[in-house]
There are 2 protein chains.
Amino acid sequence: METRTLTARTSPESARDIPEATVARLPVYLRALTTLSEQGTGTCSSEELAAAAGVNSAKLRKDLSYLGSYGTRGVGYDVDYLRYQIAREIGVTQDWPVVIVGIGNLGHALANYSGFRSRGFRVVALLDADPDRHDEVVAGVDVRPFNELEGIVTEHGVAIGVIATPALAAQDVADRMVATGISSILNFAPTVLSVPAGVDVRKVDLSIELQILAYHEQRKSHGQVTA
Amino acid sequence: METRTLTARTSPESARDIPEATVARLPVYLRALTTLSEQGTGTCSSEELAAAAGVNSAKLRKDLSYLGSYGTRGVGYDVDYLRYQIAREIGVTQDWPVVIVGIGNLGHALANYSGFRSRGFRVVALLDADPDRHDEVVAGVDVRPFNELEGIVTEHGVAIGVIATPALAAQDVADRMVATGISSILNFAPTVLSVPAGVDVRKVDLSIELQILAYHEQRKSHGQVTA
DNA sequence: TAGATTGTTAATCGATTAACAATC
DNA sequence: TAGATTGTTAATCGATTAACAATC
């Protein structure tokens, strides 16, 4: 991901420079803390939280150190307090409005995914180019024509778009999203998107994940012995 | 007596040591080459392939150098030849049998995803613990009870399992998969799995991806200027 | 041969990790 | 105070990148 940013390092509060690898783990810590909180755990050590998040504790402490000093030496972390601080750092203390484009099998699954709501996102619109899908209601939201994108983005202040179309349509959808002011895109279509600098794209690709597993699997069977 | 993993580095052919970051990009190159091939391109330079894959050409050439020397100086790469070499390196010159467990919205979408077949995978079974889903047919495959896992894994020699269950069921499913001999797991459930050494887990988490985007989005609006 | 482009080197950058001083 | 655990340091490791010699 290419983010070319000039940081106005004026305010002392904001804009600490958090490494990308750390940013990618903050949501994992947030989820682990939510689980701990639901289990009634009030305090945890870096060792415990690290175990719950599936990382080692040195990495966890190093990651948290970029956010500030939210633990107590000799004691550990207050679960709810740390959870709030991480949620604030990520920016999910309020909901982000999201549009999903392409309401096929995967789009349906995404629209129905209940986890978005509790994790800081609200699906405000489902769009599809196919008229046969219009006015279908998925998870309580109408499927609307794709050309309503601009109105919806403007109306709700949408900054994040999800692309779940076939590969061939994805670049056009991305272009239209960018034109309407969306600057973060989650792409499920199996294609490389090109977008202007300043727009973030993340890609989720099922076959690629399976192929990475296949590579390692192949190596396990050939000429290696595990005892 | 404890014997750790002993790599038989005897054969000169196999077991080159490809960095993990490179392994994760090989499927991207493979897809780009497939697209080029379909467009009728016979030869491409590292610059062209890199552009199609969304990386810079230095990184591409470095990555390919771990596989061998498959280009021609002054000319470039033969698209179909390089495509075959990468497919062979990944291990997708034949199909890998795969089982999907958890046939909810997401499981349906995965089962219907046509891209698996063309990229080296064959869904041999769909399993679900819920009797109401049994004998439903999704994408031409019967949904079967979860306890048929072992028989299916043995019968088809399944090494790769996909978990698309709710979070609470995921660890149990993973345990059962490992017990039957599956050693690679693609996990869509929003939970950290613990598995023994030697088992690979990859995780796809929709909310985490969105939260990473949200983090950067938040920074774009507050006191940062993107150029 | 001259031009083009690979494959490799080496420098740089970023991420991980162990160890421990600080401090509750 | 003694024990526990954080936050930070510094060393190590792995990934990226530019530059260019090799060579078609």
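On a predicted model such as this, the values are computed, not experimentally measured, just so you know. Numbered from 1 within each chain, the chains take letters A, B, ... in sequence-line order.
Of the residues in residues 39-61 of chain B, B:Ser45, B:Ser46, B:Arg61 come within less than 4.0 Å of DNA chain C through at least one heavy atom, sorted by number. Contacts between residues 73-82 of chain B and DNA chain C, defined by a heavy-atom separation under 4.0 Å, are made by B:Arg73, B:Gly74, B:Val75, B:Gly76, B:Tyr77.
Nucleotide C:dT8 holds its C1' atom 15 Å from the CG atom of B:Leu67, rounded to whole Å. Separating the CG atom of B:Asp63 from the C1' atom of D:dA15 is a distance of 10 Å, rounded to the nearest angstrom. Computed from coordinates, the A:Gln85 CD to D:dG7 P distance equals 12 Å when rounded to whole Å.
Note on B:Arg83 versus B:Asp78: no salt bridge recorded, every NZ/NE/NH1/NH2 to OD/OE distance being 4.0 Å or above. Between A:Glu47 and A:Arg61, none of the side-chain N atoms (NZ, or NE/NH1/NH2) sits under 4.0 Å from a carboxylate O, so this pair counts as no salt bridge.
With A:Lys220 contributing its side chain and B:Gly198 its backbone, the two residues share a donor-acceptor pair below 3.5 Å. Although no hydrogens or angles enter the test, the distance criterion places a donor-acceptor pair under 3.5 Å between the side chain of B:Thr34 and the main chain of B:Leu30.
B:Glu48 meets the salt bridge (Lys or Arg N to Asp or Glu O under 4.0 Å) test with no other residue; sequence neighbours excluded. Judged as a side chain to side chain contact (heavy atoms under 4.5 Å, CB included), and not counting sequence neighbours, the contacts of B:Asn105 are A:Ala109, A:Asn112.
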Legend entry - Footprint string (nucleotides 9-14 of chain D, 5' to 3'): B base within contact, S backbone only, - free, heavy atoms under 4.0 Å: B-----
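The distance from the CD1 atom of B:Ile18 to the OH atom of B:Tyr66 is 9.5 Å, given to the nearest 0.5 Å.
Aromatic pair A:Tyr70/A:Tyr81: ring centres closer than 6.0 Å.
Paired runs in DNA chain D that reach 3 or more consecutive Watson-Crick or G-U pairs, where each pair keeps both distances under 3.5 Å, cover C:3-24 with D:3-24.
Paired with B:Leu193 under the rule side chain to side chain contact (heavy atoms under 4.5 Å, CB included), one option of B:Lys203, B:Gln171, B:Met177 passes, and it is B:Gln171.
A donor-acceptor pair shorter than 3.5 Å cannot be found between the side chains of A:Ser184 and A:Asp200.
Note on B:Ser69: a side-chain N or O is less than 4.0 Å away from OP1 or OP2 of C:dG7.
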